[in-house]
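Here's the structure we're looking at; comments come further down.
Starting from 1, each residue takes its place in the sequence as its number. These numbers come from the heavy atoms of this one structure, side chains and all, not from hydrogens, waters or symmetry mates.
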Amino acid sequence: MNIKAKLSIVTLMIVFAFTIVLCMSGSEGKASAQSTKHKYYTSIQIEDGDSLWSIAEKYAPPESGSYNNFIKEVKQINDLYDNNIEYGCSLVIPQYK
């Protein structure tokens, strides 16, 4: 095997090792951040004038990603097919602790 071929193999091995180290360090940070928060569900009473958007503004945790994601999950959990909610009813919402 000539020197050029050996140099190419060594370079590829270094790049591969560097990539593995980067991937491992990135996944450890994500795993530890995710493991510190636990998802649970709580029930809230709908107040006069509440909308799904106002509830999202008040209760959506940063882990939900956005108000739209939070609303979509609340609708799914509560079997809502539109954005209509009624005063006095209860909604189950996701929270993180």
Could you give me the CA-CA distance, side-chain angles and deciding distance for K58 and E47, then say whether salt bridge (Lys or Arg N to Asp or Glu O under 4.0 Å) is met?
CA-CA 12 Å; K58 187 173 180 180; E47 301 292 327; over 6 Å; no
Going by side chain to side chain contact (heavy atoms under 4.5 Å, CB included), L52 matches just one of I46, N78, I85. Which one?
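The residue from I46, N78, I85 that satisfies side chain to side chain contact (heavy atoms under 4.5 Å, CB included) with L52 turns out to be I85.
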Going from OH on Y96 to CD on E63, what distance comes out if it is rounded to the nearest 0.5 angstrom?
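Y96 OH to E63 CD: 6.0 Å, rounded to 0.5 Å.
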Would you give the length of the straight line joining atom CD1 of I44 to atom CG of D50, rounded to the nearest 0.5 angstrom?
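Here the rounded value is 6.5 Å.
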How close do Q45 and G88 get, counting heavy atoms only, and between which atoms?
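Residues Q45 and G88, closest heavy atoms: NE2-O, 2.5 Å.
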Over all atoms of both residues, closest heavy-atom pair of I77 and P94
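For I77 and P94, the tightest heavy-atom pair comes out as CD1-CD, 4.0 Å.
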Does any pair with a residue in residues 79-91 pass side chain to side chain donor-acceptor pair (under 3.5 Å), and if so which ones, sequence neighbours excluded?
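Residue pairs passing side chain to side chain donor-acceptor pair (under 3.5 Å), neighbours aside: K75-N83, D82-N84.
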Test side-chain contact (heavy atoms from CB on, under 4.5 Å) applied to Q95 - qualifying residues, sequence neighbours left out
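For Q95 the side-chain contact (heavy atoms from CB on, under 4.5 Å) partners, ignoring immediate neighbours, are Y40, T42, Y59, P61, F70, I93.
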Any side-chain heavy-atom pair of Y67 and I55 under 4.5 Å
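The answer is no, as the side chains (C-beta and beyond) never meet within the 4.5 Å cut-off.
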